[in-house]
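Here is the structure we will look at, set down as structure tokens.
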Amino acid sequence: MRGFPGAWCKRSLNTASDAVDLVKVGQKWKSKVLSGVPQPAAEGTRPHMYVLSMFPYPSGMLHIGHLRVYTISDALNRFYRMKGYEVVHPMGWDAFGLPAENAALERGIAPADWTRQNIARMKQQKGDMLAHFEWGREVTTCDPEYYRFTQELFLELWHHGMAYKKEAEINWDPVDKTVLANEQVDAQGRSWRSGALVEKRKLNQWFLRITRFAHELSHDLDGLDGWPAKVKAMQKHWIGEVEGTEVRLCTGDGEAIVAFTPRIEAVFGLQYVAISTEHALTKKMAERLPELCEFLQRPLVLSESDLSGFQLPGTYVQHPFAKDHGHRIPVFVSPYVPADGAGAVLGTPAHDEFDHKFWRANKPAEPVISSFEASGECDDECHIQTKGILNAKAGNLKGISSQDAKQVLADKLVATGDGRQTTQYRLRDWLISRQRYWGAPIPIIYCDSCGTVPVPKQDLPVMLPNIAGLSKKGNTLEHIPEFVNTSCPSCGGPAKRETDTMDTFMDSSWYFFRYLDSHNQKEPFGYDKATRSMPVDMYIGGVEHSILHLLYARFISKFLASIGKWDGSACNGEPFKRLVTQGMVHGKTFIDPENGSFLKPEELDMSNPADPIICRTGQKPRVSYEKMSKSKYNGADPAQCISKHGPDAIRAHILFQAPISDVVNWDETKIVGIERWLARIIKLAHTLAADSQLKHGPVAKLTNMHEIALFNEVQKLLGSITDSFSRTLSLNTVISDYMKLTNLLDQALKNKDINPAWLLTHFKKLVSVIHPTVPAVSEEAADIIKGHLQLLTWDHYVWPTVDAQQKDNSVGYRVFVDGKMRFIYPAPSAFINDKNGVLKALLAHPDGGKYLAGRQVKNLILKKNIISLVLQK
């Protein structure tokens, strides 16, 4: 058939209802969509895919940022299921932590009750956005059956020498009354949660020896090709692996200080030595220097940023290569020096930016001394010489390059016994003690006879006592005698429980293993199940977790592999193969130009959304996009958005706005384009379903250039869509390609040379490929087609193959009638060899009939790609 029947030619998309209620479509198919993509019953025979989004804290309400991460996650989940993969796509709750405890304090209820209410609400919201998760794998970290195994993990660390308790200077949040890890204090020395200025205190705390894995944690980042470079750089910086030299320095009093430097070649520019606040010499000097005690007790900002120093009076060290020259190097106590490692560093202000700042802050009148000739390579900003030729201060080494000097000087120190080459790390052991109720209790018992005793595995979990409500912040457990007082598992005598709970990052450091075996009552997870499914193929979450969560999860994963809990040999024990960090969602923010205050919705006249006016003044507000927050009145309620536009429109809109890693500026007014596109798909389904000429079954072959061109363009778009899901994760271009494919089929309706059966074939593929992002519309379109055309064998959950491009061997013949070009007729090149066949075919063509019907052909001229007809007058 070369053309449509007349009824088809006149049909347009307007035959279906122009009004498509996407909210009702979402409600209609919600139950079916949430059941997921149907999978074959047999497991273990299909390729495996672990798609995981970071589990949320159950705060009580999903925000648009949640919608973004779960839409990405669900789209990938559905895509791989349609591709025939056995997909793991679980969900759970990171349920312990300060927010629940503080909320419970404010409301006078138990944290468990507040948490459970929020979980129920957020679970419903995830259903409203049509996100399909395997709820049979669900975990909740505050459930005893989960934190029992968190405690067992702690005991594994203890038994392998990876957990220890020591008195240490810690960061204390005076508002939340708890310890904070260094990573939980910002650059201004404030708590990441309360915003309070952090204090320094001495407390006995539990630590995990993450530093034992420091080299692997740094080195193995190089093999994580599926991670963003930015995240790897942040982790590298935080771990801070530096190769250098430890130098033994002597004071005039016979004391020895071992100091570290990464740049021994700059040693002739040595101007000071800095020791940590925990150094043995610091403690000794503090016993006789009240002013040093005062310096040590003052509130400090984050150590790594602190330029303060206390010069020890009368204490100097000799230069390691100029001991006989009387050159005395002052010694400072400074909080910027890490207590671990050597506990002391060499200061070369001419060759290190921080050293330069420290020297200027503490010795502003003293000159800066360089090891290199003036022509050395310099940092443009601070004029720090990074490389060069050693100058006269180097004695007989004058004139050699800094690169050569590095090894020569290190070898000299090793030979004299005054130094050694070593590696140091910025990373510190993980402080996990928290003086809070709402967390996993640390399973340790203290006995006067036996000392520190781990709780036996069979006695786990150490349960949190039930409380009706919290009365104050701080360590609640230590005030509950029935929890504290117990018996020693070793001797049976009276003993006390540890009252600190664990940092909630312990809970999230292994949850992805538990998903794989969440009903296992004997162990955290089975070896075989973990080995088969790990590492996670696709891990999706916010870039704000680039250091804390990801670093701790990598550490625990490597530890578990090292003790044989799973076989991580193929991936160096790394838990996440590909990391997808989605950008934040910013809201439209209105600001009063007079005072800079944020404007509430009721303070604005939005009768013309494109030109809002401040009601009070009649002025135009300043408009910007900023992180959504209650204080800026720029948030968007996902439930309201879904109730207005339907879940599919919201899902597609949030993907379409920007590439995954970019910030999305949420503008609900732009969603109308998405809504029109989705309505066109449903209308196109109605149009195709109404055609009585369509038969179910494949089309035999392509018959003309128009069908070939359509076929090739469809394959091109299908290839692009498939590649975006499987390789590039360009999900914004997926939506764009969907629209192009819809437009292509819409335009093809008007082409009389395309067999409508081919249109149906291509449309069925469109219905399938949109399912990952707009599943309800996909179900609606499939139902329309199946219902009218009885395509009972069509499985729209199978991802279509991308076929090879077809070569077009036809010619577009230009048809002239009485000297005027009237239309183009596509046909094979041998078509013009049969004059009678040509005439017959042209008369049958709708355009040919228009010009030739009832007329006599006087002459027919056939030449290359031209057909010329001269009609009888």
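- Classification of the Phe525-Phe513 ring pair by plane angle, with boundaries at 30° and 60°, yields parallel.
- Between the CD1 atom in Ile540 and the CZ atom in Arg578 there is a gap of 9.5 Å [rounded to 0.5 Å].
- No side-chain donor-acceptor contact under 3.5 Å links Arg514 and Asn520.
- Summarising the geometry of Pro58 relative to Met122, their closest heavy-atom pair is CA-SD, 3.4 Å, with the distance given to 0.1 Å.
- Closest of all the heavy-atom pairs between Met49 and Tyr80 is CE-CE2, 3.6 Å.
- For the pair Lys123 and Trp135, the distance from NZ or CZ to the six-membered ring centre is under 6.0 Å and the angle to the ring normal is within 45 degrees.
- Ring-plane geometry between His89 and His132 is classed as tilted, the angle between the planes lying from 30 to 60 degrees on a 0 to 90 degree scale.
- Residues Asp737 and Ser720 bring a donor and an acceptor atom of their side chains to less than 3.5 Å of each other.
- A donor-acceptor pair under 3.5 Å is formed between the side chain of Ser643 and the backbone N or O of Gln640.
- There is no side-chain donor-acceptor pair under 3.5 Å between Gln657 and Trp666.
- A perpendicular orientation is assigned to the rings of Tyr511 and Tyr515, their planes being inclined by more than 60° (bins at 30° and 60°).
- Atom OH of Tyr85 has 12 or fewer neighbouring heavy atoms from other residues, nucleotides or ligands inside a 6.0 Å radius.
- A donor and an acceptor atom, one from each side chain of His645 and Glu668, are located under 3.5 Å apart.
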